[in-house]
> 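Following this message is one structure expressed as structure tokens.
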Amino acid sequence: MATHKTLPGFRDFYPEDCSLRNHLFSVWRQCAKRFGFQEYDGPILESLELLTAKSGDEIAGQLFNFEDKGGRAVTLRPELTPTLARMVSAKANALPRPIKWYSIGENFRYERQQKGRLRSFYQFNADILGEAGPIADAEVIGLLVESLCSQGLQRDEFIVRLSDRNLWFYFIESLGFTGEQATGALGIIDKMERMPPEKALAALGELGAPDPAKTFQAITDFQQLPDVEAIAAFLSKMDLSEESHDKLNGRLDAWRELLDLLDAAGLNDFVKLDLRIVRGLAYYTGFVFEAFQTVGKGRALAGGGRYDDLLEKLGGSAMPAVGFGMGDVTLRDLLEEVNRLPRLIDKADIFLVYTGDAGFKAALGDAYALRRQGLRAELPFREAGMGKQFKQAAQSGADFTLVYGPEELAQGIVQVKHMRTGEQKAVPAAQLVGSVLALWREG
RNA sequence: GUGGACGUAGCUCAGUUGGUUAGAGCAUCGGCUUGUGGUGCCGAGGGUCGCGGGUUCGAGUCCCGUCUUCCACCCCA
């Protein structure tokens, strides 16, 4: 048993895990590029204050924070959005709009781990800043959907549940909640899916709801509404103030616009309106969404939304923004669960076998020549019987095996064996590199 | 941070009411094979049974603690 283990919630990446991780990253990158997003990154260590400014002091309980040797309160980043906000704010006047940026990086959260939730994880983040219209929301959602598809997931294996924090806020307001109360109510609504009704009712009462039972009923009814027209019909039956009416209908117009865009983009089958989603974070300001796997445990795969006020709150200039984050852990788990992890083969192109020191030197020289041509060429470190060397050649997955024995050396040739067909031909040693390259390209 | 379950080789697991030196398959390495292949046959290495303490003549097995992993809370950026 190893004396030293990874810390809880941290992972070792053995070659197999590492190539899988690289593959996931590369798919994310390709998707983001197809949508015209540019990659950025920031430091893994940030000042604690940057995080508490965004999320409040309580967040420190979930952070890997400590004091550095200069007495600064610092923390490993738990997410990338504050860093993004800082970077964009600092150059806000110089950056062409819309700003479409993505990043893939490691994040850290100090909490007890469970399956799909580790203390260290990688997250794919994509954000559009400087565009307030629904086209930005649509593009971000589109990238989210295409990313999951490109990772190998199929249409019926996940769904993006789309909701609207502002619509909720205005609705709650129309029920008689004010400022602080309304935010608290949204927090309760966010949890109602996993909460017994009596408890939710009680929580609304504690919050000071004017008429808890009636409010609870209104909220549960609202949550069930299946589409925009149902919401419109529901609202028309309510006795709304003119202000509420205007605010709510403004959101419905935005909804129609967004759904129209998603429809044109061919994303209808992947996205559905679902007002049970609220998202706990107080800084979301408009459309919010979460992608869930629809097979197995129904875990959340990604989440995001609009946060038009965040940059200003963090001390920058006001700028509309929308984005999402997607973690590597649940995605990997899901791909494994549906048996859709890619088979990543890491095979050699050319394997060289030899006899004697002269054979070894000749093989080594040719191996380097082939490597300089971009081929992966390998040879055994120590001489062994031909049978054993060929076994190694087979295990390496090489397409061709080159033989350097006394007979070949004497004749000035190299035997080139095509491993798949078993055919073998002699090639003049002087023309080896060109001949092998030609054979290899033929397959 | 709270509560529960689990823990035997790199992996998947056996291991009798507590009784010799803890086993198998897969994987790894070697041999059969001194110039030609992943199969086959033979063999080897690898475990202070998560760790620490206790009960006992004797503990992988029973008890306590602790850590880890998993599950439910908390939280979910």
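Within every chain, numbering begins at 1; the chains are lettered A, B, ... in the order of the sequence lines, protein sequences first and strands thereafter.
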> Return the value, rounded to whole Å, for the distance between atom NZ of A:K425 and atom C1' of B:U36.
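One finds 18 Å between C1' of B:U36 and NZ of A:K425, rounded.
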> Quickly work out the A:Q395 CD to B:G37 C1' distance and round it to whole Å.
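Roughly 10 Å, once rounded to whole Å.
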> Within this structure, what is the CZ-to-C1' distance between A:R420 and B:U36, rounded to whole angstrom?
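So the CZ-C1' distance, A:R420 to B:U36, works out to 18 Å.
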> Step through it carefully: locate the ring centre of A:F222, locate the ring centre of A:F171, and say whether they are under 6.0 Å apart.
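Yes, ring centres under 6.0 Å apart.
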> Heavy atoms from C-beta onward define the side chain here; which of B:C75, B:U36, B:G35 lies closest to that of A:Q62?
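For the A:Q62 side chain, the nearest candidate turns out to be B:C75.
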> What's the CD-P distance between A:Q389 and B:G30, to the nearest Å?
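Rounded to the whole Å, the gap is 12 Å.
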> Starting the side chain at C-beta, find the nucleotide from B:U36, B:G38, B:G35 nearest to A:P406.
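The answer is B:G35.
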> Do A:N22 and A:S26 have side chains that approach each other closer than 4.5 Å (heavy atoms only, starting at C-beta)?
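Of all side-chain heavy-atom pairs linking A:S26 with A:N22, none is under 4.5 Å.
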> For B:U17 and B:C13, measure between their P atoms and round to the nearest Å.
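Straight-line distance between the two P atoms is 23 Å.
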> Does the B:U36 base have a donor-acceptor partner in the side chain of A:Q424 within less than 3.5 Å?
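A donor-acceptor contact between them is present.
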> Do the charged groups of A:E106 and A:R77 touch, with an N to O distance under 4.0 Å?
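Looking at A:R77 together with A:E106, the answer is no, because their closest N to O distance does not fall below 4.0 Å.
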> Do the side-chain N or O atoms of A:K391 get closer than 4.0 angstrom to the phosphate oxygens (OP1, OP2) of B:U39?
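So the side chain of A:K391 is outside the cut-off, no N or O lying under 4.0 Å from OP1 or OP2 of B:U39.
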> Provide the distance between the two P atoms, one in B:G54 and one in B:A59, to the nearest whole Å.
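Pairwise P distance, B:G54 against B:A59, rounds to 12 Å.
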> Quick one: A:Y110 OH to B:G1 P, roughly how many Å, whole number?
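Answer to the nearest Å: 6 Å.
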> Name the residue from A:R165, A:K313, A:K54 that meets the side-chain hydrogen bond (donor to acceptor under 3.5 Å, both in side chains) definition with A:Y283.
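Output: one option passes, namely A:K54.
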> Would you say the side chain of A:R117 and the base of B:C75 hold a donor-acceptor pair, judged only by whether the two atoms sit under 3.5 Å apart?
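Check passes, donor-acceptor contact within cut-off.
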> Heavy atoms under 4.0 Å, any strand shown: does A:L51 hit a base, just sugar-phosphate, or nothing?
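Result for A:L51 = nothing.
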> Rounded off to whole Å, could you give me the CD1-to-C1' distance for the A:I277 and B:C76 pair?
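Answer to the nearest Å: 13 Å.
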> Using the P atom in both, what is the distance from B:G47 to B:G10, to the nearest Å?
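Comparing P positions in B:G47 and B:G10 gives a spacing of 7 Å.
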> For A:F25 together with A:F124, are the ring centres under 6.0 Å from each other?
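Aromatic pair excluded; centres sit 6.0 Å or further apart.
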> Which letters describe nucleotides 67-72 of chain B, given B = protein heavy atom under 4.0 Å from base, S = only from sugar-phosphate, - = neither?
-SSSSB
> Quick one: are the ring centres of A:F270 and A:F158 less than 6.0 Å apart?
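Yes.
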> For A:I188 and B:C74, give me the distance from atom CD1 to atom P, rounded to whole Å.
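Roughly 13 Å, once rounded to whole Å.
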> Please give the distance between the P atoms of B:C42 and B:C70 as a whole number of Å.
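It comes out at 39 Å once rounded to the nearest Å.
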> Would you call A:D137 and A:R306 a salt bridge, using N to O less than 4.0 angstrom?
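Salt bridge between A:D137 and A:R306, a charged N being under 4.0 Å from a carboxylate O: yes.
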> Looking across every strand, which nucleic acid part, if any, lies under 4.0 Å from A:V403 by heavy atom: base, sugar-phosphate, or nothing?
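Contact class for A:V403: base.
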> Whole Å only: how far is the NZ atom of A:K54 from the P atom of B:C76?
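Computing the A:K54:NZ to B:C76:P distance gives 11 Å.
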> Could you measure between the two C1' atoms, the one in B:G1 and the one in B:G60, and give it in whole Å?
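The same atom, C1', in both gives a distance of 33 Å.
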> Could you give the distance separating B:G40 and B:C26 at their P atoms, to the nearest angstrom?
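Their P atoms lie roughly 9 Å apart.
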> Does the base of B:G35 carry an N or O that pairs as donor and acceptor with the side chain of A:E408 under 3.5 Å?
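Looking at the base of B:G35, it does pair with a donor or acceptor on the side chain of A:E408 (distance under 3.5 Å).
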> So which pairs with a foot in residues 287-301 of chain A pass salt bridge (Lys or Arg N to Asp or Glu O under 4.0 Å), sequence neighbours left out?
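Output for this query lists A:R279-A:E290.
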